[in-house]
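Shown next, in structure tokens, is the structure this report addresses.
Residue numbering restarts at 1 for every chain, and letters A, B, ... go by the order of the sequence lines.
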Amino acid sequence: MPSFYVTTPIYYVNGEPHLGHAYTTIAADVVARFQRLDGYDVRFLTGTDEHGQKVQQSATAAGITPIEFTDQVAAKFRAMADAVGATYDDFIRTTEPRHTEALKKFWTLLADKGALYSGAYKGWYSVRDEAFYGEDELTLRDDGSRVAPSGNPVEWVEEPSWFFKLSEYGDRLLAHYDAHPEFIQPQSRRNEVVSFVKQGLKDLSVSRTTFDWGIKVPNDEGHVVYVWLDALFNYVSALGWPPEEGGLYDKYWPADLHLVGKEIVRFHAIYWPAFLMAAGMPLPKRVFGHGWWTVEGQKMSKSLGNAIEPLALVETYGLDQLRYALLREVPFGNDGDFSKQSVVHRINSDLANGLGNLAQRVLSLVAKNCDGKVPVPGELTDADQLLLNAADTIVPQARTAMGDLAFGKLLEGVWSVIGQADQYIDHQAPWALRKTDPARMATVLAVLVQTLRPIAIVLQAFMPGSMARLLDQLGVPSDRRDFAHAGPKHAVPPGTSLPAPHGLFPRIELEKA
RNA sequence: GGCACCGUAGCUCAGCGGUAGAGCAGGGGAAUCAUAAUCCCUUGGUCGGGGGUUCAAAUCCCUCCGGUGCUACCA
């Protein structure tokens, strides 16, 4: 069985989970479920990034130890992943021994390969901005002092640091991007990364001495490892590393897909492959940087207090509805706006009025007029065949769209078949055939039942709960719900008794959202 | 400032050399199996402005205007 390894970033625990985190996790989960349905042996990893100065400060501010603090927040991220229905196989925390021990070995490997050296980090630092600035970014005042673009004072700081020889990897990275155009997606992010690397790379400071909440550098314990080196390695440490014979690493590395927000593409597309090159390890196959959500047209921010809690969204809209709306509304990779109005509209028109209504009208006609059994089809007309053919293209087209992580396009394709089915049922009018030609009515309903099946099978990746219910109502056995069983050969046999139909997606009133 | 991308119907976007498209919204009609959901018909754009290449340009080139992203570190 071919394997497929997909990851979310490990989320930084210096804040509560919000819509952005939920979005990445949901997208990764849809990929994971889809690949499983398509016969892959999937590994889906998520987790939390728990080291660094900000976490240490937040813990201090809360009056607890860093590990107490991260225990609390990590639990919230795990609860978020569960709440959005994520079927992760593993949840890694960078404070776990399996990670810290592996990372120390990785550091030692990098050192042995000559990729690290000891030096001093120097620069103009603004305590208030918590940031270093380049000479050219500063303004020289009349009194000889320098200030940052923010207007805050800066001071010259020198501290001992370990460096990674990032500068040696520019050409190799560019060659890799060139040989593997799909390595960074979407295209716009790829362009940015390429131009960044072309500007020339400086060596990267990979240790810190000014705080101690981190993984100690082997043989130099006054340093802790730079959080990005620490964090990125989770993708490997979670597989068990150094590898054991027949272990997870052998099976799943290199990763097929690192799903990340656009703000951290650089770390995943430059630093991470450079680290791996230095260690002589294979590179992940793809890094996809998705866009950001605004809320009702405004940027999510702490100061505005408009960050949305994923749990509240699930409560308001329903889990499957939320998952659908997020992935349908905006092309993956683009930024989007999350507004009550558009989400409610999307859910009502696509789910309640579209798929839900189609399923309900078909299944209730079957229940009332076919004795609640899958109808026996007669000879097929051109119109019947046309719809069945369309249904048959759903899985292959979905597979193509998923290859590009084009969730929106994938769903659009499925909905175009739903639209065709709506046209078909109106033109055929089985409710009229009931009296004039019952055999023809049975054929029409049989065609519709067969059309709904692949629709439900593919959509399981997006809306697992409701599609399981739909497949129950369609009489599809639970071991026949993968893509291998989506074709017409595996249609539910005529005469199979079906359960009483129930509505799938209630309409949502805007005022209640 | 440099580099990249974008500007197409009221809205969100597709098309990227061969007589302007989709979804939603708006208008009119049909049907009543269905969560008043559905179906049919329809209004609507000099494809940001200007110039050029071409038999032919949203589609290629130049330029201007407007917008967005990136331009490295203590996440």
Side-chain angles (χ1 to χ4, degrees), chain A residues 9-15 49-55 121 123 125 127 129-134 136-137 157 159 161 163-164 166 186-211 214 224 226-232 262-267 270-271 291 328-331 334-337 342 345-346 348-354 356-369 408-409 412 415-416 419 421-434 441 444-445 448 501-508:
Chain A
I10 45 174
Y11 301 115
Y12 198 58
V13 294
N14 190 41
D49 177 14
E50 307 191 0
H51 291 127
Q53 187 171 32
K54 287 193 179 173
V55 167
Y121 190 77
Y125 183 70
V127 177
D129 297 345
E130 298 179 353
F132 279 91
Y133 292 99
D136 53 343
E137 292 178 275
V157 173
E159 64 176 85
S161 172
F163 285 86
F164 172 76
L166 184 63
Q187 181 78 26
S188 51
R189 299 291 152 220
R190 183 171 186 279
N191 292 347
E192 287 172 8
V193 169
V194 168
S195 75
F196 183 91
V197 175
K198 278 187 175 163
Q199 283 172 36
L201 296 172
K202 290 190 269 186
D203 288 346
L204 186 69
S205 163
V206 289
S207 74
R208 298 291 184 275
T209 55
T210 48
F211 61 93
V224 295
Y226 172 51
V227 285
W228 272 108
L229 175 52
D230 173 352
L232 288 163
K262 64 180 184 180
E263 75 284 7
I264 56 174
V265 166
R266 197 174 67 225
F267 300 99
I270 299 175
Y271 299 176
R328 174 62 210 264
E329 195 64 22
V330 174
N334 290 16
D335 289 348
D337 183 51
S342 62
H345 185 259
R346 196 94 242 175
N348 284 343
S349 74
D350 293 0
L351 297 181
N353 302 351
N357 181 239
L358 176 67
Q360 183 69 13
R361 66 201 300 211
V362 169
L363 289 167
S364 75
L365 282 165
V366 169
K368 286 179 193 163
N369 305 308
K409 208 178 250 180
E412 231 178 279
W415 255 261
S416 96
D422 266 331
Q423 286 175 19
Y424 173 85
I425 195 172
D426 256 69
H427 293 162
Q428 302 298 326
W431 48 90
L433 292 169
R434 181 179 45 173
M441 176 200 71
V444 168
L445 293 178
L448 285 161
H502 289 290
L504 290 171
F505 304 107
R507 291 178 63 79
I508 299 177

Pull out every protein N or O sitting under 3.5 Å from an N or O of nucleotides 38-40 of chain B, one pair per line with the distance.
from  : atom 1 : to     : atom 2 : distance (Å)
B:U38 : O2'    : A:R361 : NH1    : 3.2
B:U38 : O2'    : A:D426 : OD1    : 2.8
B:C39 : O4'    : A:D426 : OD2    : 3.2

Nucleotides 10-16 of chain B: which of its N/O atoms have a protein N/O under 3.5 Å away?
none

For nucleotides 3-7 of chain B, give me every protein contact, N/O to N/O, under 3.5 Å, one pair per line with atom names.
from : atom 1 : to     : atom 2 : distance (Å)
B:A4 : O2'    : A:N191 : ND2    : 3.1

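Among the protein residues, A:F267 comes within range of no part of the nucleic acid, since none of its heavy atoms lies under 4.0 Å from any strand. Nucleic acid contact class of A:G336 (heavy atoms, under 4.0 Å, all strands): none. Nucleic acid contact class of A:I270 (heavy atoms, under 4.0 Å, all strands): none. Within the 4.0 angstrom heavy-atom criterion, no nucleotide atom of any strand lies near A:Q428.
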What pairs of donor and acceptor atoms, side-chain ones from residues 195-204 of chain A against any protein atom, are under 3.5 angstrom apart with sequence neighbours left out?
from   : atom 1 : to     : atom 2 : distance (Å)
A:S195 : OG     : A:E192 : O      : 3.1
A:D203 : OD1    : A:L166 : N      : 3.3
A:D203 : OD1    : A:S167 : N      : 3.0
A:D203 : OD1    : A:S167 : OG     : 2.6
A:D203 : OD2    : A:Y117 : OH     : 2.6

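Put simply, A:R266 has a side-chain N or O that comes within less than 4.0 Å of OP1 or OP2 on B:U71. Using a 4.0 Å cut-off, no side-chain N or O of A:R189 falls inside it from OP1 or OP2 of B:G69.
Here the CG atom belonging to A:N357 is positioned 12.5 Å from the CG atom belonging to A:D350, to the nearest 0.5 angstrom.
Between A:A352 and A:R507, the shortest heavy-atom contact is CB-CG, 3.8 Å. For A:L232 against A:Y271, the heavy-atom pair with the smallest separation is CD1-CB, 4.2 Å.
Judged by distance alone, with hydrogens and angles left aside, the side-chain atoms of A:D335 form no donor-acceptor pair with the main-chain N or O of A:G291 at under 3.5 Å.
An anti base is found at B:A14: its glycosidic angle is more than 90° from 0.
Taking the nucleotide of RNA chain B with the nearest heavy atom to each of A:D350 and A:L358, the more 5' of the two is matched to A:D350. Checking A:E412 against A:D203, the closest nucleotide of RNA chain B that is more toward the 5' end is the one next to A:E412.
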Taking Watson-Crick and G-U wobble contacts under 3.5 angstrom, with | marking pairs to another strand and [ ] crossing pairs, the secondary structure of RNA chain B is written ((((((((.[[[[.)..(..]]]].(((((.......))))).....[[[[[..)....]]]]])))))))....
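Pairs of residues two or more places apart, or lying in two chains, that qualify as salt bridge (Lys or Arg N to Asp or Glu O under 4.0 Å) and include a residue from residues 358-368 of chain A are A:R361-A:D422, A:R361-A:D426.
Taking 3.5 Å as the limit, the base of B:C74 and the side chain of A:Y226 contain no donor-acceptor pair of atoms between them.
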